[in-house]
Every structure is written in structure tokens, then in C-alpha cells.
Amino acid sequence: MRAQFLSLSLIGFAAQAVHAHHAFSGNYDIDLIGTVEGVVEEVAWGNPHVHYYITVANEDGSQELWDVETGNLRFMSLAGWTRNTIQIGETIKVTGPLGTSGKHRVAANSFEKEDGTVLSPSRSPDPQ
Amino acid sequence: MNSPTGLGESVMLRPRYLLSCILAALCMLAVSTVSAQTNDFAGRWVLALNSGQNTDYAELEILREDNQWQLFIDGGPVNLLSQDENKIAFDLDWTDGLDRLHVTELSGELTGERMNGEMIENGERAGTWSAEPWAAYPEVGADPAPVDFSGIWSSVSRGTHKDTFDLTSAGTKINDAYDRTLDDPHLRCVSGGVIRIEDGPFNYEIIDQGDYLLILYEYFDETRRIWVDGRSFPEDIEYAYLTMGYSIGHWEGSTLVVETRGMKPTIWDAAGMPVSASGVLIERKYLDEADRLHTDYVLNDPANYTRPVYRHAYRVQRPGAGLEEYACDPHTFYRSLQLEGRLEEYWQSSDRF
């Protein structure tokens, strides 16, 4: 498959017993940064967070739909993004923490368009 | 209501408090030759954390019983790392805007009646901190002197976002059963309630309607009325199960004291901290000398917590600030669950906060 695992980095959170559940530990592995390339199938421009769904082609020819999550509308807008910044049919590379347990999802740190343009979305300062 | 927190008053240095500070400083000079004693740490403190960007405020309580220390920040337990004469070190567990857990070490020393020190995270300096004795509200019981809070307010500080609290067995049961990926109401565009909406990073607008203050929140397009007409709570308010609760306010000097009851049982943050139908939220809203709108929050909910939960936030008015449509669409929640083959799990097991 074309998901490229660029780096594995330990962020170094201090270990502590906590009675709390966190979004990233639930959906994303903050230590597992990867890049996924695919074609945009759906743009979900709305709150609580903007999502893009992209089709990723595997090496065996099969295709899988991946969920790309960014920030909320206010902070995406403040970062200069609009509904048309990424459009259906575009091929994009997305880099960020990948989903836990092999989930086909990525929390986007950056996007790269086909022409090499790199875009950084907002990652909302709200845990939803 | 509970004993007043005093948090904001120490922050804003109102004239009467300034006088207290001067008197305290004179007293400090008088005893400056006496080194701090162990028990001098015991008490309630206003904790100020300066990361270099903003200053966040919190309540620090240090208890010493039977030669054992107990430390709490914003009502949640923290670890004492060391204490030797006038030096102390403790940690603070907190979550950032991306829900990542941090543990920051605060080490410093007590000089007179003030603590100062450095914050260290992952071995690197993360800022400075200070603590001053918790002051009683100078305006408790003062004659009403309403001020105008009208305007659109943007969040600057949302407090420490302390991560853990001492939960009762009932609170623990709720938190343990909570699955962030299924149960968080915000994921499916259901408002998380008055505490979470107040605490959100989005703008809100306050409009003075005479008998009540109307607050329009961008977060989830919520609205709230704070009645200031002298009314009492409706009977059986604890069965009201209102998303934004029922809020009654009164002025103590220029501080608006708001009591909210009748909240629906839900969670007030993404980490699954619960609030019960019998929970009572006390807010003290006031302007400081820089016209920042501060709010001290105290959640008294003995059904879920062994101690009150605190938070301190403040906002400012920024030129050109507005309220945007929130436009929440639950599509992505169900779409993502469908992609992961978890829809059936959601229908079968999710708690519906």
C-alpha cells in the first residue's frame, strides 16, 4: 500500500496513571507519524472538525477509503482554508499521526498537493 | 455557595486588595529574617503559570495532616515531588488543545508569603510560576454595583486543564465506562452542556436584557440566560435536565455571581469528567483593570467528586471579533464509524450523553 511510515518518534509523555480517556489515544497514535497519498472522494466541510475522505490505492491494486481529520471551521478559516482549498478529485499526500490499531485514518499535520504546494491545516485548540 | 475562591481578586489587584498587598508586604519585611517553615506551605494559593504566551491561573491547595502532604490543583490531586525547608516541587498533569497529556514539574521556593519557581517539561524549561495566598473576596456581600459586560468576548486563557480529579465510585464508574471515540456528545453534534460550552475556545456575546443577561455562544450555537431579577430556582430543578442549566445571578459589588442548577447529567470535557443532575456550578464573573472578563468556576458535585472542581478562564474583546455559524454536522462521526466497522458497536453499547 502507499501509506508511507516516515518516522516513529517517541514524544516522551511522562507516564502517569490517569483516569481519563483521550481523543488521540482513542483514534490516533501520536507517536506513529505517516504519510498517506490518495484521491479526494468527499469533503466534509463542517464542525466539529473538517474531514476529507480519500481513496488510497494499495500495491495489490485494491483501494481503501481513508479518513483525514483536521480542525474546526473557525480555526481552519483563520488558517486561510475554505471549502475549496482541497477539492474532490485532487490527489493529495497527507502527513500526520495515523489511526490506532490499523484504523484507516490520519490526523493531518500537513497536506501536499500534486503541484508540490504544502498546506498546513489548523488543528483545533479544542478537544471538541 | 461555597467559600469564595478569591482567585480573580488576587489576579486583578483591585484597590482594596492592593491595600491588603501593601500591608502583607510590610508584614513580610518584618519577618524577612525568618526562614520559611515547612508548615508555611500549607494553605490555599493562587497559582499563576506563565508559559511566555499567556498567564493561566489555578487554585493550589496544600494540606498537611499527620505529617503527610496532600496537594491539589483546581481540585484535582497532584504529586509532591520534594519539600525541603523553603523549597518545594510538585507536578501538574494537564491536557493541551489536542488532548495530549502533559506532566509539568513545578519547582520553586517560598519567600515570605510568595512562592516563585520554574516549570520543567521533558527536561526543558517551560516557563515560570508563582503562588500567592488565597485572598478572601473583598466584594463578598458588597452592595450591588453592576458593570456592563456587553460585547463579544474571545478566549485567552482556559486555565490549566488539569487532567485528573478524585472521583467518587459513581464518578469513577461513569468515567471508566466512557469511550471517547463513541460517547463524546460533541462528536455527534450534541452540545456538551454549560460548563463545556463556557469553557470552549469560541467567542461568545453578552447582551444585557435588563432582567437577564443573554449569552450567545458560537460553540454549538448555544444560548443562555442568566436571570438577575431576583427570582428563585423552580421547584424540582434537579429534574430539569437542561443542557445549559438554569442560571440565576446577583451582583456582589462589581462581580456577577452566577449559580447554575438543573444541568443534565453529562460529561463536561472530552476526557469524560462527569457532572450529575444535582451538580451546582458557581461562576464569578468580573472585569479586571485591563477590561479582561474573568470567570472563576467552581463545580460542586459530590455525587461524582470528592472535592469541588475549579477552573479560571479569562477573555478579551478584540476589534472585529464576531460570532460565526457553528454549522455542526454529525455526518463525519457516523461516516468514520462506518468506515471502521463500528456502527453496530455504537448502536449497542454507547452511553448517550
Side-chain angles (χ1 to χ4, degrees), chain A residues 10-28 30-31 41-55 64-78 83 96-97 99-105 107 109 122-128, chain B residues 79 91 93 95-105 121-123 155 158 161 163-167 171-172 175-176 178-189 192 196 199-203 218-220 269-273 324-333 335-336 339-340:
Chain A
L10 286 174
I11 304 300
F13 294 150
Q16 176 160 334
V18 294
H19 293 287
H21 305 261
H22 298 278
F24 269 74
S25 62
N27 280 328
Y28 300 101
I30 195 71
D31 299 329
E41 296 291 335
E42 182 180 343
V43 176
W45 184 258
N47 277 322
H49 285 170
V50 173
H51 288 244
Y52 300 90
Y53 296 94
I54 65 174
T55 298
E64 292 170 326
L65 197 60
W66 280 63
D67 179 356
V68 179
E69 184 169 4
T70 64
N72 66 50
L73 281 184
R74 169 172 278 275
F75 291 92
M76 287 290 281
S77 296
L78 288 173
R83 178 185 289 274
T100 55
S101 306
K103 291 175 185 172
H104 291 167
R105 59 193 306 164
N109 285 338
S122 157
R123 292 278 289 281
S124 305
D126 68 314
Q128 296 184 348
Chain B
N79 297 311
D91 63 16
D93 54 300
T95 49
D96 65 17
L98 297 180
D99 246 0
R100 295 175 300 198
L101 176 65
H102 299 251
V103 178
T104 302
E105 179 182 325
E121 186 172 336
N122 296 327
S155 176
R158 301 164 66 200
H161 274 227
D163 189 65
T164 52
F165 297 92
D166 278 339
L167 296 165
T172 300
N175 189 251
D176 284 350
Y178 174 76
D179 182 335
R180 167 66 179 78
T181 65
L182 290 178
D183 302 329
D184 184 346
H186 281 196
L187 293 175
R188 60 181 204 279
C189 293
R196 199 166 174 189
D199 182 47
F202 297 89
N203 294 349
E218 179 174 320
Y219 210 7
F220 283 86
D269 72 357
M273 288 300 157
E324 303 291 336
E325 183 180 63
Y326 189 68
C328 198
D329 185 343
H331 169 76
T332 54
F333 173 60
R335 185 79 164 107
S336 299
L339 282 179
E340 295 166 5

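Below, chains carry the letters A, B, ... as their sequence lines are ordered, and counting in each starts from 1.
When every heavy atom of B:Asn203 is checked against every heavy atom of A:Arg74, the shortest pair comes out as ND2-NH2, 3.4 Å. The nearest pair of heavy atoms linking A:Leu73 to B:Tyr326 is CD1-O, 3.9 Å. Closest approach of B:Cys189 to A:Asn47, counting heavy atoms only: SG-O, 4.1 Å.
The structure places CG of A:Leu65 at 5.0 Å from CG of B:Leu339, a figure rounded to the nearest 0.5 Å.
For A:Glu42, the salt bridge (Lys or Arg N to Asp or Glu O under 4.0 Å) partners at least two apart in sequence or on another chain are B:Arg335. Taking the salt bridge (Lys or Arg N to Asp or Glu O under 4.0 Å) definition, one finds that A:Arg105 meets it with A:Asp67, A:Glu69, B:Glu340, sequence neighbours left out.
In this structure, A:Trp45 and B:Asp329 have side chains that are not in contact, with every pair of non-hydrogen atoms separated by 4.5 Å or more.
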